[in-house]
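This report refers to the structure that appears directly beneath it.
No hydrogens, no waters, no symmetry mates; every other heavy atom, side chains included, goes into these values. For ligands, and for the atoms within them, numbers begin at 1 and follow the listed sequence. The residues of the chain are indexed from 1 along the displayed sequence.
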Amino acid sequence: MRLDTLRARVVTWYVGLLAAALMVFGATLYFAVQDYLKTSLRDSLVDEANAIGAKFLAYEEQKGPAWMAGEISEAYAPELSGRFIRITRRDGTVLYESSDTRDSGIDASAVSQSHFKNNVRGFRSERQAGSQELLIYADPFRSSSGTNYLIETGLSLAPIQRILSSLRSIVLIITPLILLVAAFGGQMLMKLPLQPLVALSERAGYIGTSRLGERLPVPSTHDEMERLALSLNRMIKRLEDALSQNRRFSADVSHELRTPLTIMRGELEQVLLESTLQPAVRDSVASALEEIDRMSKIVESLLAIARLDSGMDAIDPKPVDVSTLCRWVMEQLRLLADEKKITMTVQTTPMIVLIDIAHMKRVLVNLLDNAIKYTSPGGNIKLISFVLEKMAIIEVSDTGVGIPPAELPHVFDRFFRADKVRSRASGGTGLGLSIVKAICNAHGGSVTLRSEEGVGTVARIELPLAHEV
Ligand code: ADP
């Protein structure tokens, strides 16, 4: 059982509280029973002494000690009931002393003489040789003629101790059993109400940012779970609105910037045609044209990402053999690699994938272009494709500079460039990988990057195979 789940935490709390309640209940029960048994025992000893005084001792002087002993034996049968009774006159003469005939009974002769200690009534307990504990009540009695007696009645505490020990055992055995059943039952019971929560979290994980149009299932339970699903759905709706507003905004801005940039380029190109232009002015105009080209590239890339993300630019998938496409793109870029003295190899397996050729070409060009850009002369670039677990895998690996681990999680962010100076100098805008990601997502696939600084980088694309779609 995992302990870091809500179910385990609730069950642990519930079993813990139950254990505390059972402990309090067990202790209360134990002490209440103990108190009740001891009070009953004391009451019976007091009643017995009072009755002996009133019924028999009051007539001892008239009827004699033998009559009294007979009456007491008849009334209380100490030899059978295991009672201790002793009657002593003030002068120390023992008028009656019970005898216990049972096995391990009370040995009355071993019970100490209280000798009218302070002449007060009260209880004392005594331990006998066989470790038997006795509770004895001493009650001074004065007859109508003024003779003083001491009545002592006693009973063994063993039966009470036996009952209490059984009760202790029951509580100590039953409590862990109840806790075990409660823990098991709690686990089972909690499974049911938590099921909708598990379903909600799985569905919420599936929705992510690319499926914000979908909603969580709302259980019609009229409870917290239903309210949670409704609140989450409202939140997803707000996120969807904000995101699509954002995407529309970038798409609109990029679109609006396109025309003025094209006009500016045209105007500047026109200026460059002027033969009377001073060389310094010509250089400035040429540099401005370069910057306009860069801006146009950025605007085009932003527009492409925004359109792909918002679904405005619907991809047009067709069954294509990826290995042919890979070889074709590789040949397109071979010249660039040869210029940098980088060797390029391709190793592909024929496999049909539903793709938009223009977009997927762009993906491969971006990845290979990056590999060439960030690999030093003499390095190698490999393009491989294969099938793994019903997915088409395309990998572009290089022996380039690699990416520092701290920067790797950000390479798909817009405008992120690990080495800004070098990247800008090589014409990078920091949008290439964002486009790759947008296109892969639009195809229902994904892209990941593994890299080791100074060793190289591997970009991996996963796309669903045509017959799996
Ligand atoms: P850029 O246009 O700057 O290349 P990308 O979005 O294509 O932008 O890449 C983002 C950043 O990731 C780059 O600036 C670069 O630092 C890093 N990067 C991407 N591909 C590689 C690679 N193959 N080798 C090393 N670094 C890379």
Side-chain angles (χ1 to χ4, degrees), residues 209 247 250 254 290-309 326 329-330 332-347 358-385 393-443 445-462:
T209 46
R247 282 170 178 159
S250 337
S254 314
E290 262 176 40
E291 288 307 314
I292 285 175
D293 274 345
R294 234 179 91 71
M295 263 171 85
S296 300
K297 259 200 231 168
I298 294 175
V299 166
E300 287 303 330
S301 301
L302 276 178
L303 189 61
I305 296 171
R307 282 173 162 276
L308 280 162
D309 281 351
C326 285
V329 175
M330 188 77 136
Q332 296 291 307
L333 290 166
R334 192 168 290 283
L335 209 65
L336 212 59
D338 288 347
E339 268 176 23
K340 272 190 86 179
K341 305 215 169 358
I342 294 170
T343 49
M344 290 219 288
T345 46
V346 60
Q347 191 185 332
H359 278 124
M360 205 42 79
K361 246 187 225 167
R362 192 168 187 179
V363 165
L364 293 175
V365 167
N366 277 1
L367 292 181
L368 282 169
D369 186 48
N370 273 350
I372 295 170
K373 259 195 302 194
Y374 301 110
T375 300
S376 315
N380 298 306
I381 294 174
K382 238 194 283 174
L383 175 61
I384 56 171
S385 70
I393 314 285
I394 306 168
E395 278 189 357
V396 177
S397 52
D398 63 54
T399 55
V401 291
I403 303 164
E407 305 193 330
L408 198 57
H410 307 291
V411 289
F412 291 104
D413 295 350
R414 288 178 203 184
F415 298 111
F416 180 84
R417 284 171 299 183
D419 184 339
K420 293 189 174 45
V421 179
R422 196 182 49 198
S423 170
R424 195 173 198 283
S426 58
T429 58
L431 287 170
L433 288 179
S434 306
I435 295 180
V436 169
K437 191 175 173 194
I439 295 175
C440 289
N441 287 346
H443 280 80
S446 64
V447 56
T448 48
L449 224 69
R450 305 194 298 277
S451 189
E452 201 176 323
E453 229 181 333
V455 177
T457 305
V458 182
R460 180 188 177 109
I461 297 167
E462 295 192 20

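Looking at Phe415, Tyr374, Phe416, Phe412, it is Tyr374 that brings a heavy atom closest to atom 15 (C) of ligand 1.
Heavy-atom distances between Gly400 and ligand 1 stay at or above 4.0 Å for every pair. Remark: distances from the non-hydrogen atoms of Lys373 to ligand 1 include one below 4.0 Å.
Screening Ile461, Ile394, Leu433, Asn441 for a side chain to side chain contact (heavy atoms under 4.5 Å, CB included) with Val447, the sole residue that qualifies is Ile461.
Between Ile403 and ligand 1, not a single N/O pair is under 3.5 Å apart. When only interatomic distances are considered, the shortest N/O to N/O separation between Thr429 and ligand 1 falls below 3.5 Å. Looking at ligand 1, you'll find an N or O of Gly432 within less than 3.5 Å of one of its N or O atoms. Where the criterion is an N or O separation shorter than 3.5 Å, residue side chain and backbone included, Leu449 fails it with respect to ligand 1.
The proximity of Asp398 to ligand 1, defined as any non-hydrogen pair under 4.0 Å, is limited to the side chain. Residue contacts with ligand 1, taken as heavy atom pairs separated by less than 4.0 Å, involve Thr457 solely via side-chain atoms from C-beta onward.
A 4.5 Å side-chain heavy-atom check between His443 and Met360 finds at least one atom pair inside the cut-off. Contact of the Gln332 side chain with the Leu368 side chain is not registered, since no non-hydrogen atoms from C-beta on lie closer than 4.5 Å.
Residues meeting the salt bridge (Lys or Arg N to Asp or Glu O under 4.0 Å) test with Glu462, sequence neighbours left out: Arg460. With sequence neighbours left out, Asp338 forms a salt bridge (Lys or Arg N to Asp or Glu O under 4.0 Å) with no residue at all.
Taking a cut-off of under 4.0 Å to the non-hydrogen atoms of Arg417, the atoms of ligand 1 that pass are 3 (O), 14 (O).
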Legend entry - Full working for side chain to side chain contact (heavy atoms under 4.5 Å, CB included) between Leu431 and Phe415: CA-CA 5 Å; Leu431 287 170; Phe415 298 111; 3.8 Å; yes
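Here the CD-OG1 distance, from Glu452 to Thr399, works out to 13.0 Å after rounding to the nearest 0.5 Å.
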